[in-house]
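One structure below.
Atoms within each ligand, like the ligands themselves, are counted from 1 in listed order. Note that the coordinates shown come from a computational prediction; the quantities given were computed from them, not determined experimentally.
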Amino acid sequence: MVAPGITGRTRPTKVKKQAGAQKRKREDVNVEQLDEAVAELDLKDGSYKDFTDLPLSGATKAGLKSAHFSMMTDIQAKAIPIALKGHDILGAAKTGSGKTLAFLIPVLENLYRLQHIGPDAGLGALIISPTRELAIQIFDILRKIGKHGHMFAAGLVIGGKSLEAEREALTRMNILVATPGRILQHLSQTVAFNVDDLKMLVLDEADRILDMGFQRDVDAILEYLPKERQTMLFSATQSRKVSDLARLSLHEPEYVSVHAEDKSATPKTLQQNYFVCPVEEKLDMLWSFIQASKKRKILCFFSSAKMVRFVYESFRHMQPGIPLLHLHGRQKQGARLDVTTKFANAKFSCLFATDVAARGLDFPAVDFVIQVDCPEDVDTYIHRVGRTARYNREGRGVLFLAPSEEEGMLRRLEAKKVPVEIINARQKKKQSIKSQLVHMCFRDPELKYLAQKAFITYTKSLYVQKDKEVFNIKNYDLEAFAASLGLPGAPKIRFLKDDDEKKRKHQSRQELEVSASDDEEEEPSGKKAKTVRTKYDRMFERQNQDVLADHYKKLVQDGETEDGSDENDFTGDTQAGNDEDDFLAVKRRIPADEEGATAEGAEHDDPTAPKGKVINLAGASQPLIVDSNRREKLLKSKKKLLKFMDMGKKLVYDDEGNAHEIYELEDEDGFRAKGLPEEQRQKFLNAERDAVAQADVLDKAAAKAKRKEKARKRKEREKGEMDGGDDEGGVEIADADEDALANFRADAAYSDDDEDNEQPQKQSKKWFQSDSEEEAAPSKKRKKAKSARHVEEPQTLEDMEALAADLLS
Ligand SMILES: Nc1ncnc2c1ncn2[C@@H]1O[C@H](COP(=O)(O)OP(=O)(O)OP(=O)(O)O)[C@@H](O)[C@H]1O
């Protein structure tokens, strides 16, 4: 909450009082003069070009001058005179055409002329914006032009602070910039907040504020406001819906539009292109585009916060060579503000955002707006693309369209006078990042989780789109799309499954039988497997199955995402949605440590929890969860179960049959009687060493006998061969091979007696191994083998140990 124009210090001296009275008198004269000048304004006269041509207060003029605003834009020249006269306005003008000043100047001027100033005057003007970012931006401009002599108290009410902190200041404000939800909260909960004397209501991005998402909030807000007031609605996409006008009690509103003058709904300086690209190639395209535009300022739009996060996180890991930022409604307020400021100040940067950044935000000098996910309608397209080419600057917009979206979307753009031209991507410059994404998802469960969520929210956004002619979910290759995000298969989505169920019901019995048998071979998405699954694929599918990201655990516990929001986060960001789990579901397991049910074979009680049995296995450190056939099979195999058991211990049983660890049965005195602990340790080591040495001698003798036996056998065979000549060829070859092996083993002394052992393979380099180490390693191995070969008679204890190790292995 900030009060830009307030100069609240009062010194109760006589001189001061007199000066104050004189000032008020002068202001009264000013106001009178201004009233007269405003009354004389000719609304049909189009000669008002400069702000100085209008009857404005000295304070507003000073503010405009210091902010370097002199010439008015078209919408300002048309709307400000009408608004100064107190008419209701429906204002429509292209993006970046200066609508903000078109309502802020009348707000300051009309309240000034009404002398609606100071803490006792109460709230005079309420400006409502659909997003926090836009509200902040409007407030900043208000501060800029209002701080040169105006005495209003103005505040920002957008949430993110405690209600309590805002409450007290709220009652003293003359102008408020607010988001609908927060101001409604105050209207209904802050007793001292009185709006009975409100003079002006402004809705910026009015079509958005009046649409379904905010309908309830806005209707409730209107209930609190006096009917007698001036109301102004502004947007780049404004419709004259009679129902809205009635809701807002507009009184003979003036429709001020500057679209009609040229033939397009978007700025002339904006170059607009689209290219056709299947969903599964979008990320390759985007990556290639960013690679080719590192010295640019780029804004990319996606349909959901999860998609934004996934693309941001994955691209960041691949180090694109341009600073990346991301913005969506699920971030904390501080982070959102930080991102908008960074992007506003950046020279080269790429911001991934949801439609939270689509409306009103005035980032300077954006070169490209890329609409990676197709906008839900043409109005959204216009607002998104309007983040570039603002106030006569040049800019470019690129729209990615899936083949099935092309025809419908183009028709709709044409109908709304939006000129877009097709372009093709240069195939040579196209880079595929699919394998990198697969690799990253394989290694990082969190990223894989994000990819799954991104897939689900994107699919969901397609499914709930109203315009089925443009968005028909059947027209997208979702399996390929999932693969393009690095996923091994498309996560199961309940609504798609339900659709399949419906279809199934309508199938003939015969068809049903066929498809039922096919189901067993289905891929995760329910689609039939098209390609052969390799061992690697199966391994990949199993990878991370037991790993759940921390934020996922939280999701299971709270039903919320890590930022405290619900999951229904596609498009709007600004409205609360239903819990995603009512609608969608990914097949997943819950971690053992957070599950309360422990009875053997007990089912989870919580209906929202993923299904599965929890088994307490004797000897296992954690309860085991059975949620798949694979796992159930595993639990039936005694051998495999061993890995869940704790390591065995040597125990001694006392007279009562109780088990004890060995040391427990010896008392302290008995232990001390054997000598000092260090001596005992040494004694134990010596005894062990002697035992090893003895065993070595025996082993060596056994090995020598074995060698001798082999040599004897060989000699016998050779002798037989010399005597008997050629027998059957097949036998000869087998024997010769066996001989070669025997010879090799004899040469290598005791190095290897295991006939099943494979030839040593080159080992892959470990992550901690440097190149030089790797090169040195084989020579070390050679040395070791060599030394093993020459150790015929062990000379030292070390020799004997080395020899014993070789024999034992
Ligand atoms: N009279 C003016 N002279 C110079 N610059 C101006 C003037 N009016 C507005 N601008 C600048 O033009 C840019 C766009 O203005 P603004 O944000 O008000 O556009 P808008 O019409 O509200 O756009 P959107 O529809 O996207 O919300 C801003 O950077 C603003 O500073």
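- At a heavy-atom cutoff of 4.0 Å, ligand 1 is contacted by the side chain of Q76 but not by its backbone.
- Side-chain contact check for D50 and S70: no donor-acceptor pair (N or O, by modelled atom type) lies under 3.5 Å.
- Interface atoms of ligand 1 facing F51, defined by a heavy-atom separation under 4.0 Å, are 1 (N).
- The main-chain N or O of E421 is found under 3.5 Å from a side-chain atom of N273 such that the two form a donor-acceptor pair.
- Taking only nitrogen or oxygen atoms, main chain and side chain alike, L101 does not reach within less than 3.5 Å of ligand 1.
- In terms of N/O distances under 3.5 Å, ligand 1 is approached by R387.
- Atoms of ligand 1 lying under 4.0 Å from at least one heavy atom of D362, given by number and element, are 13 (C), 14 (C), 28 (C), 29 (O).
- Within the structure, the closest approach of G386 to ligand 1 does not fall below 4.0 Å when heavy atoms are considered.
- For atom 23 (O) of ligand 1, the closest non-hydrogen atom on the protein side is G96 N, 2.8 Å.
- S264 contributes a side-chain N or O that, together with a main-chain N or O of T266, makes up a donor-acceptor pair within less than 3.5 Å.
- Nearest non-hydrogen protein atom to atom 3 (N) of ligand 1 is Y391 OH, 3.2 Å.
- Annotation for ligand 1: atoms under 4.0 Å from non-hydrogen atoms of S97 are 19 (O), 20 (P), 21 (O).
- Residue E205 touches ligand 1 through its side chain alone, judged by heavy-atom distances below 4.0 Å.
- For ligand 1, the polar-atom distance check finds no N/O of M72 at less than 3.5 Å from any of the ligand's N/O atoms.
- Using modelled atom types, no side-chain atom of E133 and backbone atom of L337 make a donor-acceptor pair closer than 3.5 Å.
- Taking every non-hydrogen atom of K94 and a distance limit under 4.0 Å, the qualifying atoms of ligand 1 come out as 21 (O).
- Of the possible donor and acceptor atoms, one in the side chain of T73 sits under 3.5 Å from a partner among the backbone N and O of S97.
- Note on D377 versus K466: no salt bridge recorded, every NZ/NE/NH1/NH2 to OD/OE distance being 4.0 Å or above.
- Near F69, with a cut-off below 4.0 Å to any heavy atom, the atoms of ligand 1 are 2 (C), 3 (N), 4 (C), 5 (N), 6 (C), 7 (C), 10 (N), 31 (O).
- The ligand atoms of ligand 1 that sit less than 4.0 angstrom from a heavy atom of K99 are 18 (O), 19 (O), 20 (P), 21 (O), 22 (O), 23 (O), 24 (P), 25 (O).
- When only interatomic distances are considered, the shortest N/O to N/O separation between A93 and ligand 1 does not fall below 3.5 Å.
- Proximity of R359 to ligand 1 is not established, as no heavy-atom distance is less than 4.0 Å.
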Test log, rule ring-ring contact (aromatic ring centres under 6.0 Å, His included), inputs F400 and F275 | CA-CA 5 Å; F400 287 18; F275 75 87; 4.8 Å; yes
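- Taking a cutoff of 4.0 Å between a charged side-chain nitrogen and a carboxylate oxygen, D338 and K342 qualify as a salt bridge.
- Nearest protein neighbour of atom 27 (O) of ligand 1, counting heavy atoms only, is G360 CA, 3.2 Å.
- Neither the backbone nor the side chain of F234 comes within contact range of ligand 1; no heavy atom lies under 4.0 Å.
- Remark: the backbone N or O of P375 is not paired with any side-chain donor or acceptor of Q465 at under 3.5 angstrom.
- When only interatomic distances are considered, the shortest N/O to N/O separation between R390 and ligand 1 falls below 3.5 Å.
- For the salt bridge (charged side-chain N to carboxylate O under 4.0 Å, His left out) test with D362, the passing option among R390, K99, R387 is R390; the others fail.
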Chi angles and distances behind the ring-ring contact (aromatic ring centres under 6.0 Å, His included) call for H148, H150 | CA-CA 6 Å; H148 292 270; H150 278 302; 9.9 Å; no
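- Of the possible polar contacts, one joining the E405 side chain to the A402 backbone as a donor-acceptor pair under 3.5 Å is found.
- Nearest-heavy-atom check against atom 16 (P) of ligand 1 across D204, T100, I105 picks out T100.
- Shown in contact with M71 at under 4.0 Å from a heavy atom are these atoms of ligand 1, numbered in order with element: 1 (N), 2 (C), 3 (N).
- Both the backbone and the side chain of T95 come within 4.0 Å of ligand 1, counting heavy atoms alone.
- A donor-acceptor distance shorter than 3.5 angstrom exists from the side chain of D367 to the backbone of K297, with no hydrogens or angles considered.
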